[in-house]
Novice: 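So that we are looking at the same thing, I have put the structure below in structure tokens.
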Amino acid sequence: MYIRVSLFGQLGGILDYQITQPSKFSNMVKKNPPNLELLLSIFFFFLCSWMSLAMAQNKTIPVNVGVVLDDLNSRNGKIWLSCIKMALSDFYASHANYKTRLVLNTRDSKQNVVGAAKAAVDLIKNAEVQAILGPVTSTQAGFLINLGDQVHVPIISFSATSPSLNSLRSSYFFQFAQNDSSQVKALSAIVKAFGWRQVVPVYIDNEFGEGVIQFLTDALEEVDARVPYRSAISPSATDGQILEELYKLMTMQTRVFIVHMRTDLSSRLFAKAREIGMMTEGYVWLTTNGIPNELRYLNSSIISSMQGVLGIQTYVPQTAKLEEFMPRWKRQFQQDNPTIIDASLDVFGLWAYDSAFALAMAIEEVGTATFGFQKTNASFNSAVLESFEVSKYGPELCQALSTTRFEGIAGDFGLVDGQLQSTNFKIVNINGGGARGIGFWTPQNGLVKKLGSSANSSIFSTPKRKLGLGPIIWPGDSLSVPKGWENPTSGKKLRIGVPVKDGFTELVKVTKDPSTNMTDVTGFSIDVFKAAVEMLPYALPYEFIPFAKSDGTSAGTYNDLVYQIYLGNFDGVVGDTTIRGNRSLYADFTMPYTESGVVMVVPVIDMRNQNAWVFLKPLTWDLWLTTCCFFFFIGFVVWVLEHRINEDFRGTPSHQVGTSVWFSFSTMVFSHRERVVSNLARFVMVIWVFVMLILTQSYTAGLASLLTVQQLQPSVSDIKDVLRNGDNVGYAENTYIYRLLKQVGFDDSKIKMFQSFEECDELLSKGSANGGISAAVDETPSMKLFLAKYCTKYTMIGPIFKAAGFGFAFPKRSPLITDLSRAVLNVTEGEVIMNIENKWFSVEKNCVDNSNPKVASYSLDLASFRGLFLIAVVASILALIICVASFLHKHRHILMRPDDSRASGWRGIRAMFKMFNEKELSSRMFKSPQQRDGITGAGDEVSAAASPNNNWPESPRSYISNHADFAEQATPSTGQVSPEIVSAVDHEHAITIARTC
């Protein structure tokens with residue numbers, strides 16, 4: 001062991017130089033002999049050191065510990081044992097004051113379970129070990145765990161990685177190696193990143209291989225990848241048996257394989273795979289960490305057969321402690337094993353070092369009491385093995401191991417439930433003569449190119465070239481990502497099942513030539529499938545197989561047809577197969593290639609001239625009512641504006657009302673005879689005539705359309721109406737529509753089945769009253785075909801139910817689903833689907849589109865004329881406001897009388913209303929022609945001459961006399977002037993005199 005001794009001053013340098021370079025030190029001594037004082041100092045130093053070490057050794061407590069390895073003479077056995085010894089040496093060198101010292105007792109398991117069991121029994125019974133480091137394999141560990149439970153001896157394995165060991169639930173078993181189940185997440189992340197949908201695990205058929213498969217399968221299912229087959233290879237399999245299994249894999253579509261086995265078996269597997277051409281372009285090989293971790297031990301010929309393999313490797317951080325340890329270990333190992341050249345240390349050796357280091361810490365923590373065994377009645381569960389004594393400090397030692405934490409050479413050391421904490425994994429690509437790192441996987445961030453960088457949140461949705469990994473060279477030196485599946489090399493065609501039916505042959509039609517016994521399958525669905533297959537970037541051989549009995553009739557419903565995929569009788573189903581939830585339990589569907597929804601076809605009825613009140617239909621009732629109200633309103637507005645100045649709007653009250661209403665209604669046909677004198681009334685009438693022009697023209701157009709255009713209406717507009725009326729309803733044979741009708745509430749007696757378009761037409765023509773049906777219910781594509789043939793008699797209502805449309809069915813998680821769905825989208829988005837529809841859904845030239853579920857109404861509603869009516873209202877109200885304001889301003893003196901009592905106020909208001917009802921004599925309508933022309937009469941001249949001063953106003957009596965017409969007009973029945981008018985005139989006359997003065 002390399003020991004560096006350091007003394008103070010010159011003595012330290014001399015001793016250090018002597019130990020490291022003894023030959024040069026001898027030459028130096030000859031040239032420069034040391035003095036007596038220096039020699040005495042050296043002597044006393046070694047004497048004191050020897051006495052201290054002797055005293056310390058007398059106080060240490062030896063603790064026996066067992067080590068069980070497969071083959072102590074093998075390279076791995078020597079490497080791991082060397083790491084264990086070096087760990088104890090380093091531990092006690094750095095902790096010289098510790099009281100306990102581990103004493104190793106090594107045993108060889110002879111690479112089998114019996115040898116491991118024998119070695120463990122010998123260590124526990126004879127050597128009375130307090131713990132066992134080992135065994136190497138998971139199979140051997142399974143037996144030793146039970147033995148450790150019985151005698152309370154911890155079993156510490158640094159190389160058994162099988163997850164199945166956890167199921168034993170032993171508190172005395174410690175898995176100081178990384179559990180294999182921790183790497184399945186990394187493998188599933190790679191599978192998901194590249195979009196592979198099927199994966200075949202290839203594993204060794206023992207406890208090591210089987211332990212991880214269930215975890216791997218669950219992890220793959222989480223990323224929507226299916227495991228169609230598990231390839232288990234025996235540890236003792238011959239080359240012929242390996243070839244037989246590989247040939248079986250070649251006949252499958254899947255080209256993604258995950259290998260989980262030791263290097264001795266995997267080396268033969270990859271060699272045979274390259275021999276038969278399974279390491280070429282298109283194949284994907286992934287491996288668990290068991291192979292890349294030991295890749296350095298494989299020769300170049302084996303590595304050359306693994307070119308393009310993608311593997312998971314346990315990541316060990318490159319710390320300063322590890323960099324210092326590696327060359328020191330290599331020198332020591334070379335000294336102890338000079339026959340082994342270029343020995344290298346793997347991760348299991350690092351875990352062995354940390355395991356021994358942790359065990360030494362735990363034993364020191366338990367205490368300084370003498371370790372030993374005590375008698376007990378407990379015995380091991382075996383008739384062969386005799387009773388054992390139980391370790392006294394086993395529980396305390398287990399507790400100490402569980403809480404041990406330190407920075408090991410393989411990384412941070414810590415246990416969780418007796419297992420080493422999961423760490424990061426390195427993703428490697430085997431090329432050339434070794435493995436090349438392309439990225440990492442961490443539990444926190446998933447796949448990343450460099451540690452410490454954040455994960456790409458969209459890593460699984462981005463194109464493959466943007467993944468968080470470096471460049472990958474795949475098998476066959478290919479740089480393109482394999483799609484993960486291929487057609488079987490045997491050339492077997494896909495068995496595609498097609499439905500057989502008598503009607504609706506435009507979708508799928510199966511014909512058989514009796515002379516040649518050849519089957520021909522045609523139809524809309526078949527053409528869409530063929531077009532989608534032509535768009536695939538690879539050839540896809542297939543053959544159509546009718547789902548029929550021996551007599552040629554249908555073998556079952558569409559549900560039965562899809563179920564044949566689950567049974568393995570068909571590789572897919574093509575036809576008018578609707579995507580349904582219950583069917584998706586047994587198969588996956590591509591994207592739909594038709595419209596979705598279930599519709600109802602019903603007869604149409606021509607509604608022309610069947611209603612005596614058809615003339616009212618062009619306008620809705622609210623528009624009729626609003627128009628009538630506006631006739632009265634406009635009549636009232638014109639009367640207010642015209643009755644004081646227009647003789648046509650005067651007379652008795654009934655005459656005025658009749659004239660106003662007649663005038664308003666006559667504008668509808670522009671036949672009114674009355675003249676409009678007021679400018680305000682003319683303004684209102686211009687707007688109103690414009691409104692009536694638009695309304696009458698719209699009414700005329702609507703009525704003409706109702707009387708001349710064919711009015712086709714559906715006999716029923718809702719499936720609920722059919723149910724409510726108790727009518728019969730029809731559905732196509734062998735479809736799921738029957739269950740939908742039952743869910744709606746139809747009785748079996750009201751549901752009739754039809755097998756062809758002709759039968760459906762016959763049932764609809766009869767009607768429900770004559771034993772037929774009132775409506776036919778089916779999916780949109782089928783009903784479109786029906787309407788293309790009988791477009792003049794029926795119309796389509798709906799969708800009345802939701803449906804996903806027609807799709808192609810394939811096995812669950814079939815890799816064809818993604819590619820065909822993309823191809824179907826390309827077909828339906830281009831002109832290809834239009835050409836196919838024109839070929840099979842051709843419509844007669846005399847057909848019109850009657851597919852609208854609701855016949856459009858020709859009635860005009862109020863909302864269409866809301867703006868016009870609003871303009872008319874605003875104009876009328878504005879004219880009224882101006883008229884009333886002008887009148888009040890002109891006769892304001894009547895209201896502004898000196899006597900402001902309430903009685904006088906009411907008399908003034910009544911006077912105003914009475915005056916508003918009288919003629920306005922100043923209007924041109926009430927003047928003589930001479931007055932209109934400005935000619936003054938003789939009476940006027942006399943009146944003017946009688947007044948010596950025309951600047952003075954007339955007296956009240958003279959004023960009344962000169963306005964006799966007004967007085968007579970005010971009191972036509974008595975011929976006398978009313979007191980109110982006299983009083984008003986006196987007031988006005990007084991104001992006039994005051995202003996003149």
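Given the structure is predicted, the values throughout are model-derived calculations rather than measurements.
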Novice: Is the number of heavy atoms from other residues, nucleotides or ligands under 6.0 Å of Tyr586 OH greater than 12?
Specialist: no
Novice: Can you name the nearest heavy-atom pair linking Val562 to Ala587, along with the distance?
Specialist: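 Between these two residues, the closest heavy atoms are CG1-CB, 3.9 Å.
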Novice: Could you give the distance from CG (Asp108) to OG (Ser74), rounded to the nearest 0.5 Å?
Specialist: 8.0 Å
Novice: Within the distance-only criterion (no hydrogens, no angle test), does the side chain of Arg255 pair as donor or acceptor with the backbone N or O of Met278 below 3.5 angstrom?
Specialist: no
Novice: Under 3.5 Å, is there a donor-acceptor pair between the side chain of Ser138 and the main chain of Ser162?
Specialist: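 Indeed, once roles are kept as given, a pair shorter than 3.5 Å links the two residues.
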Novice: Looking at CZ of Arg197 and OG of Ser814, how far apart are the two atoms once the value is rounded to the nearest 0.5 Å?
Specialist: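 Nearest 0.5 Å value for the CZ-OG distance: 8.5 Å.
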Novice: Indicate whether the side chain of Asn179 and that of Ser181 have a donor and an acceptor atom separated by less than 3.5 Å.
Specialist: yes
Novice: Quick check with a 6.0 Å cut-off and a 45 degree axis cone: is Arg583 positioned over the face of Phe589's six-membered ring?
Specialist: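 That pair does not qualify as a cation-pi contact.
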Novice: From the options Asn293, Asp180, Leu420, Thr288, select the one residue that forms a side-chain contact (heavy atoms from CB on, under 4.5 Å) with Thr161.
Specialist: Asp180
Novice: Could you tell me the separation between the OG atom of Ser478 and the CD atom of Glu281, rounded to the nearest 0.5 Å?
Specialist: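 One finds 3.5 Å between OG of Ser478 and CD of Glu281.
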Novice: Any side-chain donor-acceptor pair under 3.5 Å between Gln140 and Asp70?
Specialist: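 Yes.
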Novice: Over all heavy atoms of both residues, which pair between Gly311 and Pro292 is shortest? Give the atoms and the distance, please.
Specialist: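 Minimum heavy-atom contact is CA-CG, 4.0 Å.
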Novice: Taking the six-membered ring for Trp, is the centroid-to-centroid distance between Phe425 and Tyr315 below 6.0 Å?
Specialist: no
Novice: Quick one: do Arg296 and Asp346 make a salt bridge, cutoff under 4.0 Å?
Specialist: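 Judged by the 4.0 Å cut-off on N to carboxylate O distance, Arg296 and Asp346 do not form a salt bridge.
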Novice: Decide yes or no on side-chain contact (heavy atoms from CB on, under 4.5 Å) for Tyr542 and Ile496, but give the supporting numbers first.
Specialist: CA-CA 7 Å; Tyr542 61 87; Ile496 304 297; 3.9 Å; yes
Novice: Closest approach of Trp80 and Leu69, non-hydrogen atoms and distance?
Specialist: CE3-CD2, 4.3 Å
Novice: To the nearest 0.5 Å, how far apart are NE2 in His260 and CG in Leu187?
Specialist: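 The NE2 atom of His260 sits 10.0 Å away from the CG atom of Leu187.
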Novice: Are the side chains of Leu345 and Lys330 in contact, using a 4.5 Å heavy-atom criterion?
Specialist: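 With C-beta onward as the side chain, the pair stays apart.
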Novice: Before you tell me yes or no, could you show the steps for Tyr203 and Val259 under side-chain contact (heavy atoms from CB on, under 4.5 Å), namely the whole-Å CA-CA distance, both residues' side-chain angles and the distance that decides it to 0.1 Å?
Specialist: CA-CA 6 Å; Tyr203 59 97; Val259 180; over 6 Å; no
Novice: Any side-chain heavy-atom pair from Val309 and Leu286 closer than 4.5 angstrom?
Specialist: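 The answer is no, as the side chains (C-beta and beyond) never meet within the 4.5 Å cut-off.
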Novice: For the residue pair Trp474 and Val481, what are the closest heavy atoms and their distance?
Specialist: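 Minimum heavy-atom separation between Trp474 and Val481: NE1-CA, 3.8 Å.
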Novice: Is there a donor-acceptor pair under 3.5 Å between the side chain of Glu245 and the backbone N or O of Ile233?
Specialist: no
Novice: For Gln214 and Asp218, test the side chains for any donor-to-acceptor distance below 3.5 angstrom and give the result as yes or no.
Specialist: yes
Novice: Could you tell me whether the side chain of Leu359 reaches within less than 4.5 Å of the side chain of Leu133, counting heavy atoms only?
Specialist: yes
Novice: Can you spot which of Phe158, Trp351, Phe413, Tyr353 makes a ring pair (Phe, Tyr, Trp, His ring centres under 6.0 Å) with Phe176?
Specialist: Phe413
Novice: Could you walk me through whether Ser82 and Trp329 pass side-chain hydrogen bond (donor to acceptor under 3.5 Å, both in side chains), step by step?
Specialist: CA-CA 8 Å; Ser82 173; Trp329 171 85; 3.2 Å; yes
Novice: At what distance, to the nearest 0.5 angstrom, does CD of Gln313 lie from CG of Leu295?
Specialist: 7.5 Å
Novice: Would Ile312 and Trp441 count as a side-chain contact (heavy atoms from CB on, under 4.5 Å) if you check the C-alpha gap in whole Å, the side-chain angles of each, and the deciding distance to 0.1 Å?
Specialist: CA-CA 9 Å; Ile312 304 295; Trp441 181 88; over 6 Å; no
Novice: Got a sec: does the CD of Glu244 have more than 12 other heavy atoms crowding it under 6.0 Å?
Specialist: no
Novice: For the side chain of Asn337 and the backbone of Ile340, is there at least one donor-acceptor N/O pair under 3.5 Å apart?
Specialist: no
Novice: Hey, is Asp588 close enough to Arg813 for a salt bridge, meaning N to O under 4.0 Å?
Specialist: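 The answer is no: the pair does not qualify as a salt bridge.
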Novice: Does Lys118 have more than 12 heavy atoms from other residues, nucleotides or ligands lying within 6.0 Å of its NZ?
Specialist: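 Open.
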Novice: Mark yes or no for whether Arg107, through its side chain, and Ala116, through its backbone, hold a donor-acceptor pair below 3.5 Å.
Specialist: no
Novice: Side-chain donor-acceptor pair under 3.5 Å between Ser236 and Ser234, yes or no?
Specialist: yes
Novice: Gln419 side chain to Leu415 main-chain N or O, any donor-acceptor pair under 3.5 Å?
Specialist: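 Side chain of Gln419 to backbone of Leu415, a donor-acceptor pair under 3.5 Å: no, none is there.
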Novice: Is a side-chain donor or acceptor of Lys812 paired with a backbone partner of Ser584 at a separation under 3.5 angstrom?
Specialist: yes
Novice: Report yes or no: is the cationic atom of Lys483 (NZ for Lys, CZ for Arg) closer than 6.0 Å to the six-membered ring centre of Trp485, at no more than 45° off its axis?
Specialist: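 Yes, cation above the ring, under 6.0 Å and within 45°.
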Novice: Any side-chain heavy atom of Ile124 sitting closer than 4.5 Å to one from Leu147?
Specialist: yes
Novice: Do Glu294 and Thr263 get their side chains close enough for a donor-acceptor pair, meaning under 3.5 Å?
Specialist: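 Per modelled atom types, Glu294 and Thr263 side chains form a pair under 3.5 Å.
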Novice: Is the closest side-chain heavy-atom distance between Leu447 and Phe440 below 4.5 Å?
Specialist: no
Novice: Under a 3.5 Å distance rule, please check whether Asn112 uses its side chain to pair with a backbone N or O of Lys110 as donor and acceptor.
Specialist: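 Between the backbone of Lys110 and the side chain of Asn112 there is a qualifying donor-acceptor contact (under 3.5 Å).
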Novice: Check the surroundings of atom CG in Asp342: do more than 12 heavy atoms from other residues, nucleotides or ligands lie under 6.0 Å from it?
Specialist: no
Novice: Has the side chain of Gln241 got a donor or acceptor atom that lies under 3.5 Å from a matching backbone atom of Thr238?
Specialist: yes
Novice: Might you work through the side-chain contact (heavy atoms from CB on, under 4.5 Å) test for Phe333 and Cys83, ending with a clear yes or no?
Specialist: CA-CA 9 Å; Phe333 184 81; Cys83 291; over 6 Å; no
Novice: Provide the closest heavy-atom pair for Gly66 versus Val129 in the form atom of the first, atom of the second, distance.
Specialist: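 Answer, listing the atom of Gly66 first, then Val129: N-CG1, 3.4 Å.
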Novice: Taking CG in Asp477 as the centre, count heavy atoms belonging to other residues, nucleotides or ligands within less than 6.0 Å. Is the count above 12?
Specialist: no
Novice: Testing the basics here: between Asn569 and Gln564, what is the closest heavy-atom pair and its distance to 0.1 Å?
Specialist: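 That would be ND2-OE1, 2.6 Å.
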Novice: If you measure from CG on Leu246 to CG on Leu269, what distance do you get to the nearest 0.5 Å?
Specialist: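 Taking CG in Leu246 and CG in Leu269, the distance rounds to 5.5 Å.
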Novice: Assess whether a salt bridge exists between Glu222 and Lys185, defined as any Lys/Arg side-chain N lying under 4.0 Å from an Asp/Glu carboxylate O.
Specialist: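 Lys185 and Glu222: salt-bridged.
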Novice: Checking the side chain of Thr280 only, and the main-chain atoms of Gly277 only, is there a donor and an acceptor separated by less than 3.5 Å?
Specialist: yes
Novice: Within a 6.0 Å radius of atom CD1 on Ile341, are there more than 12 heavy atoms belonging to other residues, nucleotides or ligands?
Specialist: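 At most 12 heavy atoms, drawn from other residues, nucleotides or ligands, come within 6.0 Å of this atom.
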Novice: Side chains of Gln183 and Asn289: any donor to acceptor distance under 3.5 Å?
Specialist: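 There is such a pair (donor and acceptor under 3.5 Å, judged by atom type) between the side chains of Asn289 and Gln183.
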Novice: Any side-chain heavy-atom pair from Val199 and Thr254 closer than 4.5 angstrom?
Specialist: no
